[in-house]
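Some notes on the structure that comes next.
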Amino acid sequence: MERYNFQVIEKKWQIEFSKKKLYREKGNKFYCLEMFPYPSGKIHMGHVRNYTIGDVIARYKYLNGYNVLHPMGWDAFGLPAENASKQNNLHPKDWTNQNIKNMKSQLKMLGLSIDWDLEFSTCDKDYYKHQQEIFIDFFNQGLVSRKETYVNWDPVEKTVLANEQVIDGKGWRSNAIVERKKLSQWFLNITKFSDELLEDLEKLEGWPEKVKLMQKNWIGKSFGCEIDFQIDSEKEFVKIFTTRPDTIFGASFIALSVDHPLSKNFQSNGNFNEFKKECNKTGTTEEALAHAEKIGFDTGLFVKHPFLDKKIPIYFANFVLMDYGTGAIFGCPAHDQRDFDFAKKYNLGIIKVVDDSKLGELEEAYTGSGKLINSDFLNGLDVSAAKEKIISEIESKNIGVRKTLYRLKDWGVSRQRYWGCPIPMIYLEDGSVVPVEKNELPVELPDDIDLNSQGNPLESHPKWKYTTHKATGEKAIRETDTLDTFVDSSWYFLRFCSPNHQKSPFDEEKINYWMPVDQYIGGIEHAILHLLYSRFFTKGLNKFNNKIGISEPFKNLFTQGMVCHESYKDKNGNWLYPNEIIKVDSKTVVKKTDKSKVTVFPPESMSKSKKNTIDPEIMIKDYGADAVRWFILSDSPPEKDVQWSDSGVVSSNKFLQKIWDLNYSINNRKEKKINQKNEKEFISTINSYINKINNSINDFRFNVSIAAFYEIYNHFTSFMKKDLSNSTLKEYIIKINKLMIPFVPHLAHECLNLLKCKSINEWPKIEKSFLEEINFAIQINGKTRDIIKIKKNSKVETINKIVLSGSKAKKYLEDKKIIKTIFVNNKIINYIIK
RNA sequence: GGGGCGAUGGCGGAACUGGUAGACGCGCCAGUCUUAGGAACUGGUCUCGCAAGAGGUGAAGGUUCGAGUCCUUUUCGCCCUACCA
């Protein structure tokens, strides 16, 4: 067998790839983008999968005649750099640049078709300068506001977190229980686009339904109305929000959040304060929240029912949130489960107002549809009609208004951190806040900082902090907060179109040509945050700057699954890396060092904490980049999780070796006799495989493409032995090599080189004339009895003749009466017999 | 609690709009060749059966000439989300 030396050959082609880009003079544009990597220092298998998928698409589109943009850069700001700096006494800038250098060389080892001339980092002042400009534009357009609000304070990271960064009441990174703290913060007013962000989801046909649904739920639009309930014996009102105004005749209590303004009246009430404490104690775990008991505090106050001569008690309740709606609700126990639980506990009335067509007492709330009962003028209407009627009634009585509510909140972007984009605002002595003059940009991050100072190092950097307002010469103080790093990644895809443009964030002409991104590829973990923010930025820029002419940044989105591996624990309960264990047999796994027994845990997403990671660089060095790419694409559909297996990559390597050997053998094959039947059969099958590969690439089913290559290899080896011309074999192995370029670019190029192929930058066309014969199924009573090869569009009569003259199905038809024949062109014929 | 996705051999997974179930790979079994090795090659591998054949896609029912695919019910698993009024 002819050896293939991937170490030497891959390096050789990587030099070629870095010179050769995917641009073409002619052809439609195609912008292929993978999600922005954070420069953590080393690539992991998740990156390998992401960029391999992207590379397949980029190269495939290029070979099919597209002018392809395939850039890469670095999402380089963020907390890890600061933490690492403290540990290693290395400046965040140096730590980040080192990491970038290392990761870039690792990515190059994968043989990706990236145009590195477009590379930039978000921590480059050339980049964040333009970001500051956009921020100021947004500020002038009313898309930025400053609000004094309660924020999610992470006591470990000593910073504010966005709502989206709080998971189960804990910081997404530190896992510390998040505290509430009142701070003045900068907000991007994403809620100004709530409706557009929601409605435009429908335009995104190339997005997974799942992601669109997650965004829809996150925006959380709901219809209903506000109603004012007059507090008995007082002039005050309680304003509530409800989506079920139709159930107002079933109202039996009012529930307020403990933070509701009315709570001021109870500040000196010890019982109330105790109750409030009790509410705050409610656990933060999922389990606790799911089963948290509904508890209330009776205020002793009542409201008047707006349509009945009835008093309704007011409670404070732990399940009412201040930051949604008005922080107050009316409870209709019969038709809301929470209200039902609450009413049971405090013995409040349960009045059925929607007919559930069941007799007797309710055992749980009925939330379905039906006709209204016990509801005066609403009786007999169904739920939606009742809603309409009651809302107009409420509006005409002037006690409330129709209202649409969103769950989406404005995006708090202030971070009390050093390693981020400085917010280009200054505070004047009179207390006003103004943007930095645009010609003063960038507001540069100072290098000389003391990272060991408490809190934000920018706070304790007087030279940087104290400045003057250039327009008036007034003394001023800089904003020392920096921007959330999600801001950095909300427009980088625009910058890639013209990364060196100096005058403005982007060259309009370039944007108009390249945007939107034709294919965006990344992880599902960005389904909400990053993708929603990017959509918001695009809309913000489009609406006010009118520069980009698009309202959605990503035409097609693909979310890949994770890379998984088993994890191992030794007898002392310590996690072990895969290379610290030995598999004795299918059941026994032992530790390398002392041969002690190891417990094996089922595969899950690779993570450093469980040490179930595989270093891509080692795999590339041992088996070659092509083998790693091949394996990661071959084993599972790309949107599903894939399980890394060493034996899988070993066999990938072996197969690629065989492909090389096949090319070599064809190149040196002795000429054989020519057999026309063989020629035709060989070529027609190859054409059906080309068809299969085209379809599977277009559908992102690369595992199916790869299966087809295995079949192709088997097809070639069986025909190598038969009578078939060398020219045919050579012609078609060249086509196959071209089909392999997107998957294994090094090997494919080397093979084409071996065969002295000159025209490599084109995709093989299917020769339709060779796809005339098809497999056709013969069924008897719905059971398949034979498969025959026939010409496309053969007539029933022709098929009948073939069946009766010699097919395996013939014997089933003898002496039988055919009562019906079902014929489906090019597929089956089904004889129904008695 | 709400929402979504899924269930096919020992394993990962194929099967385009209903039309050859199990492609392809891994693993396993047997054989060949061997400086007997975790190399290479050949054959086998859903179940029952010597065979012809029959059964078979989590379970039950339905529609159809024909169901892994469509409908109803149900069980299990995974993911997201959360007192959102």
Side-chain angles (χ1 to χ4, degrees), chain A residues 1 167-168 208-211 213-214 216-218 220-222 224 240-245 247 255 257 279 282 286 289-294 317-321 323-332 335-339 341-342 364-365 367 405-408 524-525 527-528 561 586 603 630-631 634-637 639-643 645 647-648 650-652 654-655 657-658 661 691-692 695-696 699 701 703-714 717 775-788 811 819-824 826-833:
Chain A
M1 183 179 266
I167 297 151
D168 298 337
E209 288 304 318
K210 186 184 171 160
V211 173
L213 190 71
M214 283 166 81
K216 189 181 164 208
N217 291 339
W218 189 261
K221 185 178 188 176
S222 50
I240 64 95
F241 173 78
T242 181
T243 55
R244 292 295 302 275
T247 63
S257 159
C279 291
T282 313
E286 284 183 43
L289 270 171
H291 302 290
E293 201 185 350
K294 309 276 173 283
N318 64 338
F319 63 92
V320 182
L321 305 173
D323 59 358
Y324 185 77
T326 60
I329 60 160
F330 80 75
C332 175
H335 305 291
D336 181 289
Q337 192 57 41
R338 287 158 308 170
D339 298 349
D341 296 343
F342 194 78
E364 54 178 11
T367 54
L405 212 60
Y406 299 88
R407 210 188 74 123
L408 185 67
I524 186 81
E525 68 273 18
I528 298 171
S586 62
W630 189 260
F631 171 73
S634 70
D635 230 32
S636 285
E639 73 277 9
K640 285 182 63 172
D641 288 353
V642 66
Q643 202 182 319
S645 110
S647 61
V650 169
S651 73
S652 296
K654 283 179 190 166
F655 177 72
Q657 167 67 50
K658 284 191 206 170
D661 186 61
N691 193 31
K692 193 172 181 179
N695 292 339
S696 53
D699 296 346
R701 286 155 55 242
N703 56 324
V704 177
S705 322
I706 284 183
F709 283 116
Y710 280 99
E711 291 182 67
I712 288 168
Y713 173 81
N714 294 339
T717 50
N775 290 330
F776 190 86
I778 314 296
Q779 299 185 344
I780 312 291
N781 286 350
K783 276 201 186 304
T784 303
R785 294 301 179 184
D786 198 10
I787 309 293
I788 55 171
K811 64 177 178 184
I819 32 179
K820 201 175 169 187
T821 306
I822 293 123
F823 171 75
V824 182
N826 294 334
K827 278 192 178 155
I828 57 120
I829 189 158
N830 186 8
Y831 299 100
I832 310 302
I833 58 167

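In what follows, every chain begins at residue 1, and chains take the letters A, B, ... in the order their sequences are listed.
Only the C1' atoms considered, B:A54 is 22 Å distant from B:A60, to the nearest whole Å. The same atom, C1', is picked in B:A59 and in B:U75; the two are 7 Å apart, to the nearest Å. With both ends at atom C1', the span from B:C46 to B:G13 equals 15 Å, rounded to whole Å. Taking atom C1' on both nucleotides, B:G10 is separated from B:U45 by 11 Å, rounded to a whole Å. Of the C1' atoms belonging to B:G55 and B:G49, the separation is 11 Å, rounded to the nearest Å. When the C1' atom is used for both B:G61 and B:G43, the distance is 44 Å, rounded to whole Å. Comparing B:G1 with B:G62, their C1' atoms sit 32 Å apart, to the nearest whole Å. For B:C71 and B:A7, the P atoms lie 14 Å apart once the distance is rounded to whole Å.
Residue A:Lys658 is classed as a sugar-phosphate contact, given heavy-atom separations below 4.0 Å to backbone atoms only. At a threshold of 4.0 angstrom between heavy atoms, the contacts of A:Gln779 include nucleobase atoms, whether or not backbone atoms are also involved. Residue-level contact check: A:Asn695 touches neither bases nor backbone, having no heavy atom under 4.0 Å from any strand. Among the heavy atoms of the strands lying under 4.0 Å from A:Leu321 is at least one base atom, whether or not backbone atoms are also near. At a threshold of 4.0 angstrom between heavy atoms, the contacts of A:Val642 with the nucleic acid are absent. A:Lys221 comes within contact range of no nucleotide atom at all, as no heavy-atom separation falls under 4.0 Å. The residue A:Ile822 sits close to a base: some heavy atom pair falls under 4.0 Å.
Ring pair A:Tyr713/A:Phe655 is perpendicular by interplanar angle, where above 60° counts as perpendicular and below 30° as parallel. A perpendicular orientation is assigned to the rings of A:Phe342 and A:Phe319, their planes being inclined by more than 60° (bins at 30° and 60°).
In this structure B:G18 sits in the anti conformation; its chi angle is more than 90° from 0.
Shown here for A:Asp641 and A:Ser636, the closest heavy-atom pair between the two residues is O-OG, 3.4 Å.
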Report, one pair per line, the protein and nucleotides 22-27 of chain B atoms (nitrogen or oxygen only) whose separation is under 3.5 Å.
unit_1: B:A23; atom_1: O2'; unit_2: A:Glu711; atom_2: OE1; d: 3.4
unit_1: B:A23; atom_1: O2'; unit_2: A:Glu711; atom_2: OE2; d: 3.4

Please enumerate all protein N or O atoms sitting under 3.5 Å from an N or O of nucleotides 46-48 of chain B, with distances to 0.1 Å.
none

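In this model, no donor atom of one side chain and acceptor atom of the other lie less than 3.5 Å apart for A:Gln657 and A:Asp661.
Remark: A:Gln779 CD to A:Thr784 OG1 distance equals 4.0 Å, nearest 0.5 Å. With values rounded to the nearest 0.5 angstrom, A:Ile829 atom CD1 is found 12.5 Å from A:Asp786 atom CG.
With hydrogens and angles left out, the side chain of A:Asn775 and the base of B:U20 share a donor-acceptor pair within 3.5 Å. Checked by distance alone, A:Lys783 brings no side-chain donor or acceptor within 3.5 Å of a matching partner on the base of B:U20.
Of the candidate nucleotides B:A21, B:C84, B:C65, B:C84 has the atom lying nearest to any side-chain atom of A:Tyr324. Considering only the side chain of A:Lys210, B:G4 comes nearest among B:G4, B:C84, B:A82. The side chain of A:Arg407 lies closest to B:C84 when the candidates are B:C79, B:C84, B:C83. Nearest to the side-chain atoms of A:Lys820 among the listed nucleotides B:C65, B:U20, B:C41 stands B:C65. Picking from B:A21, B:G13, B:A85 the nucleotide with the shortest atom distance to the side chain of A:Pro637 gives B:G13.
One atom, CG of A:Asp341, and another, P of B:G2, lie 13 Å apart when rounded to the nearest Å.
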